Amino acid sequence: MSSTPLPGIGVRYDLTTRESRRLSVIAHRDGGRTLSAYRKEDPDECALSTRLTPGEAEALVGVLMPTHHSPNLLSTTELGLVAERIELSSTSYWNGRVLGETRMRTETGVSIVAVLRRAEAIPSPTPDFRLAGGDELIVIGTREGVETAAAILGRE
């Protein structure tokens with residue numbers, strides 16, 4: 001996989017498959033994607049090119065992801081850490097309480113690195129940050145720690 005910045009457009013990602021087929025995806029700045037496939041006999045000749053809306057691109061990613069992946073999973077590393085989004089329900093015990101009361105790091109070893117609230121991202125929330133229903137907490141930790149964090153945050 002290689003990437004090439006396209007000033008004013010976005011980034012192009014190129015992949016050559018095990019069968020020597022060339023694919024590319026242009027990630028446009030507006031969130032759309034252009035998916036292109038090239039002819040095997042002439043890898044410079046485009047056989048298919050289609051523009052996807054952000055929603056269509058997201059749907060395609062959902063189809064391509066193996067079924068054993070959690071839809072909330074953001075990434076994993078060889079260090080055994082995962083990052084996930086955990087949504088706080090409006091009926092959560094923690095709705096209206098401050099983050100420090102969860103004792104998240106002490107109880108689970110998980111770090112809350114950001115909170116997504118409506119169209120706003122709050123990086124590195126402090127212990128006095130007040131949680132609200134609908135918040136999505138971005139947490140990083142071990143798989144076990146993240147699962148425990150989700151159980152704690154799911155308390156009603």
Side-chain angles (χ1 to χ4, degrees), residues 1-17 23-37 49-156:
M1 176 78 73
S2 66
S3 64
T4 305
L6 302 173
I9 297 170
V11 178
R12 185 183 76 218
Y13 298 93
D14 294 298
L15 168 74
T16 302
T17 69
L23 303 171
S24 72
V25 174
I26 296 175
H28 296 272
R29 292 173 47 179
D30 67 2
R33 301 290 189 262
T34 299
L35 173 64
S36 300
S49 185
T50 188
R51 175 79 188 241
L52 303 171
T53 67
E56 292 166 339
E58 188 174 336
L60 182 59
V61 167
V63 171
L64 293 173
M65 288 292 292
T67 57
H68 66 274
H69 279 68
S70 163
N72 292 326
L73 186 63
L74 298 175
S75 64
T76 60
T77 68
E78 292 177 7
L79 300 174
L81 299 175
V82 295
E84 282 198 20
R85 295 176 189 232
I86 300 174
E87 185 170 350
L88 197 69
S89 78
S90 60
T91 59
S92 172
Y93 171 82
W94 305 107
N95 186 6
R97 297 182 185 267
V98 295
L99 183 59
E101 288 182 56
T102 67
R103 297 180 37 86
M104 193 59 56
R105 185 174 299 201
T106 303
E107 298 296 324
T108 68
V110 164
S111 295
I112 298 173
V113 297
V115 174
L116 306 179
R117 180 176 286 167
R118 296 181 199 93
E120 182 182 8
I122 299 105
S124 304
T126 59
D128 63 344
F129 178 82
R130 193 158 303 278
L131 297 168
D135 283 352
E136 285 190 67
L137 287 73
I138 307 299
V139 300
I140 295 180
T142 63
R143 164 60 49 211
E144 181 181 287
V146 168
E147 288 173 2
T148 302
I152 290 169
L153 291 168
R155 178 179 167 197
E156 294 194 7

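All of these numbers come straight from a predicted model, not from anything done at the bench. Below, all heavy atoms of this structure are taken into account, side chains as well, without hydrogens, waters or symmetry copies.
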*Scan for salt bridge (Lys or Arg N to Asp or Glu O under 4.0 Å) pairs involving residues 26-37, sequence neighbours excluded, and state none if there are none.*
Asp30-Arg51

_Thr102 side chain to Leu99 backbone, donor-acceptor under 3.5 Å_ = yes

*Quick one: list whatever passes salt bridge (charged side-chain N to carboxylate O under 4.0 Å, His left out) with Glu87, sequence neighbours left out.*
none

*Only counting residues at least two apart or in another chain, list the ones meeting side chain to side chain contact (heavy atoms under 4.5 Å, CB included) with Thr108.*
Met104, Val110, Thr148, Ala149, Ile152

*Apply salt bridge (charged side-chain N to carboxylate O under 4.0 Å, His left out) to Arg155 and list each qualifying residue two or more places apart in sequence or on a separate chain.*
none

*Residues two or more places apart in sequence or in another chain: which of them pass side chain to side chain donor-acceptor pair (under 3.5 Å) with Glu144?*
none

*Could you tell me whether a side-chain N or O of Ser111 sits under 3.5 Å from a main-chain N or O of Val113, the two making a donor and an acceptor?*
no

*With sequence neighbours excluded, what pairs up with Thr142 under the side chain to side chain donor-acceptor pair (under 3.5 Å) test?*
none

*For Thr16, check side chain to side chain donor-acceptor pair (under 3.5 Å) against everything at least two apart and list the hits.*
none

*asked:* Applying salt bridge (Lys or Arg N to Asp or Glu O under 4.0 Å) as the test, list every pair that has at least one member in residues 92-101; sequence neighbours left out.
replied: Arg97-Glu101

*Rounded distance (nearest 0.5 Å) linking atom CG of Leu35 with atom CD of Glu56*: 11.5 Å

*Validation row: Leu137, Leu131 side chains within 4.5 angstrom (heavy atoms)*: yes

*Could you tell me which residues satisfy side chain to side chain contact (heavy atoms under 4.5 Å, CB included) with Ser36, sequence neighbours excluded, listed by chain and number?*
Ser24, Thr34, Tyr38, Cys46, Ser49

*asked:* Listing request: all salt bridge (Lys or Arg N to Asp or Glu O under 4.0 Å) pairs with a residue in residues 112-125, at least two apart in sequence or in separate chains.
replied: Arg117-Asp135

Can you give me every donor-acceptor pair (side chain of residues 121-130, partner residue at least two apart or in another chain, under 3.5 Å) with its distance?
residue : atom : partner : partner atom : Å
Thr126  : OG1  : Asp128  : OD1          : 2.3
Arg130  : NH1  : Gly96   : O            : 2.5

*Arg143 and Glu84, any side-chain heavy atoms less than 4.5 Å apart*: yes

*To the nearest 0.5 Å, how far apart are NE2 in His28 and CG in Leu52?*
9.0 Å

_Minimal non-hydrogen separation, Gly133 against Asn95, with atom names_ = N-OD1, 3.0 Å

_The criterion is side chain to side chain donor-acceptor pair (under 3.5 Å); which residues satisfy it with Arg12, sequence neighbours excluded?_
Asp14

